[in-house]
Amino acid sequence: MSVQTSGSIDSFAARLLGWYDRSARALPWRIPPGSDAVPDPYRVWMAEIMLQQTTVAAVAGYFERFVARWPTVADLAAADDADVMAAWAGLGYYARARNLLACARAVARDHGGHFPDSEAGLRALPGVGDYTAAAVAAIAFGRPAVVIDANIERVIARHRLIEIPLPAAKRAIRAELAPLVPRGRPGDFAQALMDLGATICTPRAPACGLCPLMADCAARGRADIERLPVKPAKKAKPQRYGVAHWIERDDAIWLVRRPDKGMLGGMRALPGGAWTDVPPAESGIAQVDHGFTHFDLRLTLVARESEDAAGEGEWWPLSALDAAGLPTLYRKLTDKMRERIS
DNA sequence: CATCCGTGGTT
DNA sequence: TAACCAAGGAT
């Protein structure tokens, strides 16, 4: 079915959805176009939270494990914090995991175990911002919400040749996109734009020859299409340093939990001092370099006696270290130590 | 509006 | 290989 607009070119949405019907990626959380299956808002929400600033490839395994272990929002709401945080370990941006639990419990307690079916209702939940509220409203509930993620920003900025730098460009992008959203398939429309941005209208070397929207793309053929959308320059990342303590006793090591706020908040960790701008004097028994979003960290591992296992913490068997759910920074160190011990 | 918040893949 | 980037949200 093609929808005609002015001229002889099918409407933006018709071309996009036609392409999506042929080319949609098969993803664990996605109902294929044309299926009569009913979306599960819990699974849609779970996927959207995990996909925030995170690639499809990285999310797939986590999504499968989470929905297998906690099949419903009620199951997740009843889970132990430590189990959820450990299951999230390695995926990054750990505030998402804390908000995931807070959101599940809010849905269970305040909404009778059902996700709100409006954009405004969803937006009020922890960890749900403008993008996620619109995405869940459109994909799970068929609401004609205006969904804008980084893929869609890029597609629209190019198609309409919006040269305003982000994030200020978002207002213009929304104004251009809103009238294009079809009442009939808003969820597929949003997912189609994201698939298009991920596979054809890519940041570099876009495959314009394969694009269903090429005919009226304002950036088509421009040598500088990769410049769009215009983004602000990034600041240099400072180098920081830290010391972690390896405290071993009876084939177990001492682990602590980091405070909820700040880096790696709420996650199990090796004990250690605060991170600083100055390299430590000690040489240590191991060392890792780890890049965070806004600084690089060199972490030195220093052996300590079991008497230094003070305050809150737990002796964790070395044989079960995988189950501790350490974030990648510490996982790098424990992997090095495990190689050495075995 | 700017900053903070992870990680791994791609170029 | 260093830089860039990803289905952003909270503050």
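Naming convention: chains lettered A, B, ... in sequence-line order (proteins, then strands); numbering from 1 in each chain.
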Winner on side-chain proximity to A/Tyr94, out of B/dG8, C/dA6, B/dG6, is B/dG6
Between the base of C/dG8 and the side chain of A/Thr54, is there a donor and acceptor pair under 3.5 angstrom? no
Separation of A/Met46 CE from A/Met50 CE (nearest 0.5 Å): 5.0 Å
When A/Trp88, A/Trp45, A/Tyr42 are each screened for ring pair (Phe, Tyr, Trp, His ring centres under 6.0 Å) with A/Phe66, the one that passes is A/Trp88
Smallest separation among heavy atoms of A/Tyr330 and A/Arg268, with atom names: CD1-O, 4.4 Å
Heavy atoms from C-beta onward define the side chain here; which of B/dT7, C/dA6, C/dG9 lies closest to that of A/Thr132? C/dG9
Among the nucleotides C/dA10, B/dG6, B/dT7, which one has an atom lying closest to any side-chain atom of A/Gln53? B/dG6
Could you state the CZ-P distance from A/Arg96 to C/dA7, rounded to the nearest angstrom? 13 Å
Tell me whether the OP1 or OP2 atom of B/dG6 has a side-chain N or O from A/His290 closer than 4.0 Å. no
Would you mind checking if A/Asp130 and A/Arg174 are paired as a salt bridge, meaning a charged N to carboxylate O distance below 4.0 Å? no
Can you label the angle between the A/Phe63 ring and the A/Trp29 ring as parallel, tilted or perpendicular, going by 30° and 60°? perpendicular
Nucleotide B/dG8, atom P - distance to OH of A/Tyr93 in whole Å: 13 Å
C/dA7 and B/dT3, which share atom name C1', separated by this distance in whole Å: 22 Å
Side chain of A/Gln52: nearest nucleotide among C/dA6, C/dG9, B/dC5? C/dG9
Just to confirm, is there a sub-4.0 Å distance from OP1 or OP2 of B/dT3 to any side-chain nitrogen or oxygen of A/Lys235? yes
Distance, P atom - from B/dG6 to C/dT11, rounded to whole angstrom: 14 Å
Identify whether NZ of Lys or CZ of Arg in A/Arg185 sits under 6.0 Å from the centre of the six-membered ring of A/Phe189 and within 45° of that ring's axis. no
DNA chain C: A/Asp130 or A/Arg204, which has the more 5' nearest nucleotide? A/Arg204
Between the main-chain N or O of A/Ala252 and the side-chain N or O of A/Asp250, is there a donor-acceptor pair closer than 3.5 Å? no
What is the distance from atom CG of A/Asp322 to atom CZ of A/Arg331, rounded to the nearest 0.5 Å? 4.5 Å
Side chain of A/Leu27 only, heavy atoms from C-beta on: which candidate in C/dA7, C/dA6, C/dA10 is closest? C/dA7
Classify the side chain of A/Thr55 and the base of B/dG9 as holding, or not holding, a donor-acceptor pair under 3.5 Å. no
Have a look at A/Ala150 and say if it touches a base, only the backbone sugar-phosphate, or nothing, with a 4.0 Å heavy-atom cut-off. sugar-phosphate
Do the side chain of A/Arg240 and the main chain of A/Leu297 share a donor and acceptor less than 3.5 angstrom apart? no
Can you tell which of A/Ile285, A/Val288, A/Val243, A/Thr334 makes a side-chain contact (heavy atoms from CB on, under 4.5 Å) with A/Leu301? A/Ile285
Any idea which heavy atoms bring A/Trp275 and A/Leu299 closest together, and the distance? NE1-CD1, 4.1 Å
Within residues 160-192 of chain A, residues whose heavy atoms come under 4.0 Å of DNA chain C: none
Does a side chain donor of either A/Gln52 or A/Thr132 reach within less than 3.5 Å of an acceptor in the other side chain? yes
Side chain of A/Phe295 (C-beta onward), nearest among B/dG6, B/dC5, B/dT7: B/dC5
Where along residues 259-277 of chain A does a heavy atom come under 4.0 Å from DNA chain B, residue by residue in number order? A/Gly262, A/Met263, A/Leu264
Calculate the interatomic distance between A/Phe292 atom CZ and B/dC5 atom P; express it in whole Å. 9 Å
Would A/Phe292 and A/His290 count as a ring-ring contact (aromatic ring centres under 6.0 Å, His included) if you check the C-alpha gap in whole Å, the side-chain angles of each, and the deciding distance to 0.1 Å? CA-CA 7 Å; A/Phe292 290 115; A/His290 190 74; 4.8 Å; yes
Taking 4.0 Å as the cut-off, does a side-chain nitrogen or oxygen of A/Arg154 come that near to OP1 or OP2 on C/dA6? yes
Listed in order of residue number, which residues of residues 113-128 of chain A have a non-hydrogen atom at under 4.0 Å from DNA chain B? none
If you look at every strand shown and take non-hydrogen atoms under 4.0 Å, does A/Trp88 touch a base, only sugar-phosphate, or nothing? nothing
A/Lys231 side chain, from C-beta outward: closest of C/dA6, C/dG8, B/dT7: C/dA6
